[in-house]
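In what follows, a structure is listed as structure tokens, so that the remarks can point back to it.
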Amino acid sequence: MSNSKSRKIKPQTLRGFRDILPDQMMAREFLIDTARQVYRSYGFAPIDTPALEYAEVLLGKGGEESDKQVFRFLDQGDRDVAMRFDLTVPLARFAAQHIQTLGTPFRRYHVGPVWRGERPARGRFREFVQCDFDTIGSTSNATDIETLLVINDLFESIGIERFTIRVNNRCVLNGLLQKNDLQNHSVGILRALDKLEKIGRDAVVSEMVERVGVSEDQANSVLEMACLTGSPNEVLSSLEPLLAGNETGEHGLSCLRELFGTVDACGLPADRVALDVSIARGLDYYTGTIYETFLGDLPQIGSVCSGGRYDNLAELFTSQQLPGVGASLGVDRMLAAMEELGMVEQASTPAPVLVTMFDGGKAAEYQAVARRLRLAGIGTEVFPEAKGIGKQMKYANRKGFRVAIIAGADEFENGTWQVKGLADGSQEQVADGDLQSFVSDLLQ
RNA sequence: GUGGCUAUAGUUCAGUUGGUUAGAACGCUGGUUUGUGGUACCAGAGGUCGCCGGUUCGAAUCCGGUUAGCCACCCCA
């Protein structure tokens, strides 16, 4: 071992990778637990896949840009391997490999870290957690609608009161493009359109003209339709004549009509789900419904849950047609938002009760009483040292314990416990037999 | 990957035109005669000023490189 004078290794994490401290990790676990509960309530089942895949499985799926961001190396057996950069491509491989066993429709959720070697920025890291759910093997619009309902329930369960799910359908966009003879420029136009909110209408028009190479008239007519505002039904009605006779566009419209009809029938608040013809999502593989979720109190942080429908997830792995629809909760971005909204408790302890060690000779009794409380379902920590009771109370306060239990010679003599509520300073002497129920009531 | 900004204690920051032992607040540890936290008072620990090199009698301060972080672009969660 090195002595104290030797040069120490500098404790540091890799660029874009970070440690997560308890306060933040507890919020993160809450978020993920909530997502799990909601996904499971709809019948989505958990899966996992390896962090490392053959490079050929992962590469070439998201264009040149994302290939550059993949962490890739030769393993000890000289295999060309790569770390997954999302959960969707591994799902494609997984589905192609196992769909015969699983059958369709197959609903799965998947929570796990992914890695991208891109330049870190605010809310953007080289290692981050995705929390995906998808339904594979059904083209029914019912699964699109259910995806929307899952997103809604997810944010309600997290405790967000004001949020909007913006919905669009690529078929509507593609219909508009076809009617304007622009289908060959769809990728560039959709990408430009996606920036509407951020850079403004004029900038989008000039990007379409300069970078995509369409005429100014064409660009303007796309934007005219993309900028329609009003209630979903109003927008749908305005779109109808613009898409008349175009099969793709009309299909998109009817899917959206059904979706908003279900939103009504399910009694979601009127402003909860919006139809926004301008959202396109950058990813090329979406082919139908598209979702983005914005927080009412923090819209500028961007979409915290996005997704959509894709026609053929696994075409690179199998000739079996596997359509799907799903979305992904942005755990890290959501966490950043929750911090800004004051939803992350500081200095919180996972256990609400602290048993102080007043008399070091009674350590066994303290452990025994803590165990009784735990068996009653009450998280309980025992202070490990018989320090001054003031110190222990200070610790209890700092860590956010809600109840402290204190017992010294007097209490042991008459078989009682001092139970103190940290919030209001109230303290009561409780008989040994009543302890569990008393503490449990106090924590209600 | 491109452009710009930044780097001093655990955290947020001061630090004069380069000049002795680098400061504050908060946090942390201990104490204010050892059975009670949030407030007050006292004390302590903690920094080779991101790292490497250069200029200089002398560098936290000026210059170069490097690493890391922030902002914008690109892309996305």
Side-chain angles (χ1 to χ4, degrees), chain A residues 5 7-8 10-19 21 31 35 62-69 84-88 111-132 191-192 194-195 198-199 203 207 211 280-286 291-294 301-307 327-337 346-347 354 356-360 362 383 385-412 417-429:
Chain A
K5 279 191 174 177
R7 196 191 179 91
K8 299 294 187 216
K10 186 177 178 185
Q12 59 180 348
T13 55
L14 284 165
R15 178 173 168 78
F17 291 70
R18 66 255 163 81
D19 294 322
L21 274 58
L31 207 56
E64 282 174 36
E65 275 301 315
S66 50
D67 278 5
K68 275 192 216 161
Q69 297 177 351
R84 66 180 178 211
F85 63 91
D86 71 4
L87 299 178
T88 305
V111 182
V114 302
W115 296 270
R116 293 183 194 175
E118 65 182 332
R119 189 163 178 157
R122 183 191 170 184
R124 205 156 90 183
F125 311 96
R126 287 184 167 181
E127 177 182 59
F128 60 97
V129 170
Q130 289 196 324
C131 199
D132 282 28
R191 191 163 285 170
D194 213 29
K195 297 178 194 165
K198 204 167 175 184
I199 65 179
E207 175 165 338
R211 285 173 61 171
R281 305 281 308 139
L283 290 172
D284 304 343
Y285 57 71
Y286 289 126
Y291 318 86
E292 291 194 339
T293 311
F294 289 83
I301 204 158
S303 172
V304 286
C305 186
S306 308
S328 177
L329 170 67
V331 173
D332 294 273
R333 185 171 290 178
M334 189 60 208
L335 214 53
Q346 298 294 304
L354 179 72
T356 58
M357 187 169 293
F358 182 57
D359 177 354
K362 297 285 188 188
F383 197 85
E385 296 170 57
K387 286 190 180 175
I389 207 71
K391 275 287 171 266
Q392 299 189 45
M393 293 306 296
K394 196 171 178 181
Y395 171 82
N397 185 60
R398 175 160 52 90
K399 284 294 175 74
F401 285 93
R402 293 170 59 200
V403 170
I405 292 182
I406 304 158
D410 296 349
E411 286 74 19
F412 283 116
W417 302 93
Q418 296 290 338
V419 179
K420 179 160 186 162
L422 273 295
D424 57 6
S426 65
Q427 183 165 333
E428 283 205 47
Q429 182 160 322

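Per chain, numbering begins at 1; letters A, B, ... match sequence-line order.
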Under 4.0 Å, counting only non-hydrogen atoms across every strand here, what does [X] touch: a base, just sugar-phosphate, or nothing?
{"X": "A:G117", "value": "nothing"}
{"X": "A:D410", "value": "base"}
{"X": "A:Q392", "value": "nothing"}
{"X": "A:Y395", "value": "nothing"}
{"X": "A:R15", "value": "sugar-phosphate"}
{"X": "A:A423", "value": "base"}
{"X": "A:K420", "value": "base"}
{"X": "A:G390", "value": "sugar-phosphate"}
{"X": "A:A404", "value": "nothing"}
{"X": "A:E411", "value": "base"}

Among [options], the one nearest [X] by side-chain distance:
{"X": "A:M393", "options": "B:G35, B:G37, B:A77", "result": "B:G37"}
{"X": "A:K391", "options": "B:U36, B:C76, B:G31", "result": "B:G31"}
{"X": "A:F358", "options": "B:U36, B:A77, B:G35", "result": "B:G35"}
{"X": "A:I406", "options": "B:U36, B:G37, B:A77", "result": "B:U36"}

Distance test, side-chain N/O of [X] to OP1/OP2 of [N], below 4.0 Å:
{"X": "A:R398", "N": "B:G38", "answer": "no"}
{"X": "A:K387", "N": "B:G30", "answer": "yes"}
{"X": "A:R116", "N": "B:C75", "answer": "no"}

### Presence of salt bridge, A:R402 and A:D424, under 4.0 angstrom
no
Gap between atoms [atom1] and [atom2], on [X] and [N] respectively (whole Å):
{"X": "A:L422", "N": "B:G38", "atom1": "CG", "atom2": "P", "result": "11 Å"}
{"X": "A:D19", "N": "B:U11", "atom1": "CG", "atom2": "P", "result": "13 Å"}
{"X": "A:L21", "N": "B:C28", "atom1": "CG", "atom2": "P", "result": "14 Å"}
{"X": "A:E428", "N": "B:U36", "atom1": "CD", "atom2": "P", "result": "19 Å"}

#### Entry: Inter-residue atom distance A:Q418.CD - A:T356.OG1, 0.5 Å rounding
10.0 Å
